[in-house]
Amino acid sequence: MALLPILCYPDPRLHKVAQPVAAVDDRLRTLIDDMLETMYDANGIGLAATQIDVHQRLVVIDTSEERNQPLVLINPEITWMSDERVKGDEGCLSVPGIYDGVERATAVKVTALDRDGQTQNIEAEGLLAICIQHELDHLKGKVFVEYLSPLKQGRIKTKMVKAQKAER
Ligand code: GNR
Ligand code: NI
């Protein structure tokens, strides 16, 4: 098991588009375990491979209170989205300390492979639905701050660059 470094906005690598996973094998399962460990260690409810600089369609999620219900989505695709929208505050492990409102579909249906390479169909609502949309955006190279006004995006960029300079 290993903790993986998480890319921080505005790192340009967060905007790369992920490619489909070619094979669900032991090498991928090791990566999945490392991503889960990294997500739990960072107290996140989700982590997309893009955030650890792996540009493949792979996401791990756990929105359970007890943090004992890992969900692994390989090559996920949203097959249905509710017309109903809800606006809620979001955060991101790649944009630490920033929380702001984003409008999302209240419910989604997703098809994906699980860690055994089996097809799973998931119907999600509430926090899980929001998290799935947030993670699938990462796979498209999109970070949630891109839904905010250009003014806010500029301020967040400046803040992040300053924080990263202060870290060194
Ligand atoms: O930990 C996370 N919390 C969160 C809260 C509201 C909406 C989305 C999220 S996802 C985020 C983890 C993360 O950055 N995943 O990419
Ligand atoms: Ni995120």
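Order of listing sets the numbers, starting from 1, for every ligand and every atom in it.
Atoms of ligand 1 lying under 4.0 Å from at least one heavy atom of Cys92, given by number and element, are 14 (O). Near Gly44, meaning under 4.0 Å from one of its heavy atoms, ligand 1 places the atoms 1 (O). Contact atoms of ligand 1 toward His138: 16 (O) (distance under 4.0 Å to a heavy atom of the residue).
Under the 4.5 Å side-chain contact rule for hydrophobic residues, Val60 and Ile45 do not share a cluster. A continuous path of hydrophobic side-chain contacts links Leu139 to Leu71 [ILVMFWY only; heavy atoms under 4.5 Å].
Where the criterion is an N or O separation shorter than 3.5 Å, residue side chain and backbone included, Gln51 meets it with respect to ligand 1. Where the criterion is an N or O separation shorter than 3.5 Å, residue side chain and backbone included, Glu135 meets it with respect to ligand 1.
Of all protein heavy atoms, the one lying nearest to atom 8 (C) of ligand 1 is His134 ND1, 3.6 Å. Among protein heavy atoms, the minimum distance from atom 7 (C) of ligand 1 is reached at Glu90 CG, 3.4 Å. Scanning the protein for heavy atoms near atom 14 (O) of ligand 1, the closest one is Leu93 N, 2.8 Å. For atom 3 (N) of ligand 1, the closest heavy atom belonging to the protein is Ile45 CG1, 3.4 Å. With hydrogens left out, the protein atom closest to atom 9 (C) of ligand 1 is Gly91 O, 3.5 Å, a heavy atom. Nearest protein heavy-atom neighbour of atom 13 (C) of ligand 1: Gly46 O, 3.4 Å.
At least one test fails for Lys152 against the ring of Tyr147: distance under 6.0 Å to the centre or angle within 45° of the axis.
A distance-only check finds no donor-acceptor pair linking the side chain of Gln51 to the backbone of His138 [under 3.5 Å]. A donor-acceptor pair under 3.5 Å is formed between the side chain of Asp89 and the backbone N or O of Gly101. Gln164 places a side-chain N or O within donor-acceptor distance of the main-chain N or O of Tyr9, the cut-off being under 3.5 Å.
Geometry note: the Ni ion (ligand 2) is the vertex, His138 NE2 and His134 NE2 are the arms, and the angle is 100° (rounded to 10 degrees).
The structure places CG of Leu31 at 10.5 Å from CZ of Arg115, a figure rounded to the nearest 0.5 Å.
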Walk me through whether Thr106 and Ser82 qualify under side chain to side chain donor-acceptor pair (under 3.5 Å).
CA-CA 6 Å; Thr106 56; Ser82 62; 3.1 Å; yes
